[in-house]
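The analysis underlying the following values was restricted to heavy atoms, covering all of them including side chains, and did not include hydrogens, waters or symmetry mates. Chain letters run A, B, ... following the sequence lines, proteins first and then strands; every chain starts at 1. Bear in mind the structure is a predicted one, so any value in this text is a computation, not a measurement.
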Amino acid sequence: MANLPVQGINALFSGGFIENEYVHFNKLSALVIDDISAMRHAVRSQLQSLGMNKVSVASNANDALELIKATAFDVIMCDYNLNSTSSGQHFLEYLRNENILNATSVFVMLTAEAEYSFVANAVEYIPDDYLLKPCSESKLRSRLERLIDRRAFLMPVLKALDAKQYDLAVTECNKLLDIAPDARRRMDVLRRKSDAQLALGDHLSVLETYAHAAAVRGDAPWVMMGLARTHYALGDFAQAAEMANMLVGKNKNYVAAYELLAKIRLESDDDEGAFELLNRSSVILPSARRFRSVAQAAFLLGKLEDAKSNAEAAIQLSNGSMVEKPDDYLSLAQTQVDMGDHKCAIETLEKNARKHGDVGLFGVAKGAILAQAYFDSGDHEKARKLMERSVSLLANRTDSVAMTALGKAALKTGDVVLGMKLLTQAVQVSGQDERVIARHVKKSMIDTGHADKVEDVIDGGRKRILLLVDEATKLMRSAHFSEANQKVNEALAIHEENLEALMTAAQLHLLWLKHEGMDARVVERAKAYLSTLDKLVPNNQKVMNFYRFFNDIVSN
Amino acid sequence: MQNPLSALVIHDIKNALSLLEIDLEQLNHRKDTPLEGRRAYRRCIELKTRLVSFLTLYKHDQSGLQPAMVEVDLAEFIEDLVRNSQSAMMAESHHGHQIVVHADNERMKPGSAAGGFGMFDENLVELALESALNNAVRYAHRRVDVWFEQEADEIVFRVLDDGAGVGELGELMQRKITEKSSSTGLGLALCKAVSEVHGCGSVQLESVPGGTLFTMRFRAAG
């Protein structure tokens, strides 16, 4: 880095801009999102005088979303204060959650001071940079030059990430690591490498990447958070908790660490502790997603007042925005029914949630909760009709949330046979959400006086499979491949088309090959699992990645 | 501001000033901009900087500043500070001859463990250092150097100008007095506030061989 003398006033005032030798602004496209027209156009003028010719503008998140879906912008400049219901932070969270934002797009958040400390702690969904408003053109230029320069270095990796070719991304990262000129670049690359390995589910390799990053600079928050998460995934909760606590010690507002600590508490069945931690993170950084988690934890703990206020907060914060979820009305109404407030539950669903209609799976659950409310109000006839409608709406579909709601309503309105059948099925089809659904089912059964049958309903074969898959996953992550294989085989013996078991089997065999070298029998089995999966879930992204991973290993 | 109306008005003024600044900035890109246009831009920047400094200090006095700790690459931070410093840009006009502001890489000392990265509120620290730079360029003869030093648990920022050399303590005294009395004395108060909210902070202005040295230090992680 050479010493940089500041250009004299004349150089800056004499018009024209100094063309950077690496960054060609005239080749870049940008999107400016701001609800205030004067601001929007001011920022656009600034970008144009940097040399950008293709600058689009949007006054709200919905318009911006359409533009982002249609065009891969190089730079997105988003105002934090979009309007009263959706902030730039919500927008970014939505884009990242839905995988809409390209890795190659640079996202810059423009904030006023008051909001800055608020957003800077939102570590889960950080933009590439924050700029404090007002921002002078020269500051804008130097920030963008740095961001674009970094992006240029990472470009092959970012392109692979955008194409979801995670194995290729890892290969590209390794190439870049050889030529990274300084620690900063190395850290940039290592971060992307860990993202790609996480997407591949390769926890053993990701641990190596974090160790590599820690050797460059051990106290980087993302490295510590990554290590904590990996330890958690590997089942080492004590070490995960220690790391997360260290992070919280350094920054008491680090919400991602609180959220991980909450998960660890849940593992040891400390529901109360998990609730406290989730609650704390929703106070530090309120978002609809966090209020939802708190509402659910509170509901399962029987803290109905907390469940109600958090469900209401989730609705209020997301109402009319992209992160709005109709299911929030279901949670609120079910809580109101359980509180004995059937009038409010009916109002919530029939009046406030009217815009979400009453068809589809939402309709099934809505009808089921309304049936409970009308049953409580004494209108058993209306309750019966609502139940009939929901049952026929559900038809042959299997959705664990809708089935749980309907099952609970059946138990409550006296149809024990239907209730048991639906709840058992709900657990069986719950897949990734098994833990949560099982808790809801258990609570529904206890609340309706069927505590004695909880084990039967939750077991139903499903629990045994998941337990085995869980054990296999842990063995796999600690590189005990043949022991893990035994467990997966036991699970597949119960149900040969169980997706979780098949996915684990495939992943296990890929990691086996990667870490212990080629073995013809392992290759054959890996192929067989992949082709079964391809038949069961065609074009599944995860399976596609497994295939790429497999081809990569075999060709090496 | 306690009064919601004043808060609203101040916010409005700040926004309007920002837009005015951007308009003037764009106007000044033209080769034929008259001298008055340049002067207006300069005044607008000064006014905005003063308003932002005042608001920051006001907030500090009323409710305390809450630094937003983010990870900062110190060398990049200094480089950007120098490159974008509006007071450095204006320096020339105060004197009629050019004052050069350097990001002094020779003197930069990354800590062995932290490796040149620190956790602090980059916007607050930038605001404070910008006011220190503003002060330095007003008294410098030819040159101002800026760098950081990272110690075990401290980050130190230094601004050295070649203004008051050895034995010119009188001038140094004059500067300190001016800092206290003039309206731009906002600067030192701001630096103090910013270093304090980061923990164990301090600010110092001293005469050293070859010039005057401004030092701001605070604890490395909040």
* Using a distance-only test with no angle check, is there a side-chain donor-acceptor pair under 3.5 angstrom linking Gln26(B) and Gln46(A)? -> no
* To do: With rounding to the nearest 0.5 Å, note down the distance linking CD1 in Ile22(B) to SG in Cys135(A).
  => 8.0 Å
* Asked: Above 12 or not: heavy atoms from other molecules or residues under 6.0 Å from CZ of Arg43(B)?
  -> no
* Answer yes or no: is there a donor N or O on one side and an acceptor on the other, between the side chain of Glu25(B) and the main chain of Glu137(A), under 3.5 Å? => yes
* Who are the side-chain contact (heavy atoms from CB on, under 4.5 Å) partners of Leu51(B), not counting sequence neighbours? -> Ile13(B), Lys14(B), Leu17(B), Leu55(B)
* Asked: How long is the span from the CG atom in Leu140(A) to the CG atom in Asn84(B), to the nearest 0.5 Å?
  -> 9.5 Å
* **Inter-residue atom distance Asn15(B).CG - Met39(A).CE, 0.5 Å rounding** => 4.5 Å
* Asked: Checking heavy atoms, do the side chain of Ala38(A), its backbone, both or neither come under 4.5 Å from chain B?
  -> both
* Asked: In terms of heavy-atom pairs under 4.5 Å, which option from Pro221(A), Ala220(A), Ser45(A) contacts chain B the most?
  -> Ser45(A)
* Would you call Lys139(A) and Asp80(B) a salt bridge, using N to O less than 4.0 angstrom? -> no
* For the residue pair Ala42(A) and Leu19(B), what are the closest heavy atoms and their distance? -> CB-CD2, 3.9 Å
* Asn28(B) CG to Ser49(A) OG distance, which is reported to the nearest 0.5 Å -> 11.5 Å
* Asked: What residues, two or more places apart in sequence or in another chain, satisfy salt bridge (Lys or Arg N to Asp or Glu O under 4.0 Å) together with Lys48(B)?
  -> Glu21(B)
* CD/Glu151(B): more than 12 non-hydrogen atoms of other groups inside 6.0 Å -> yes
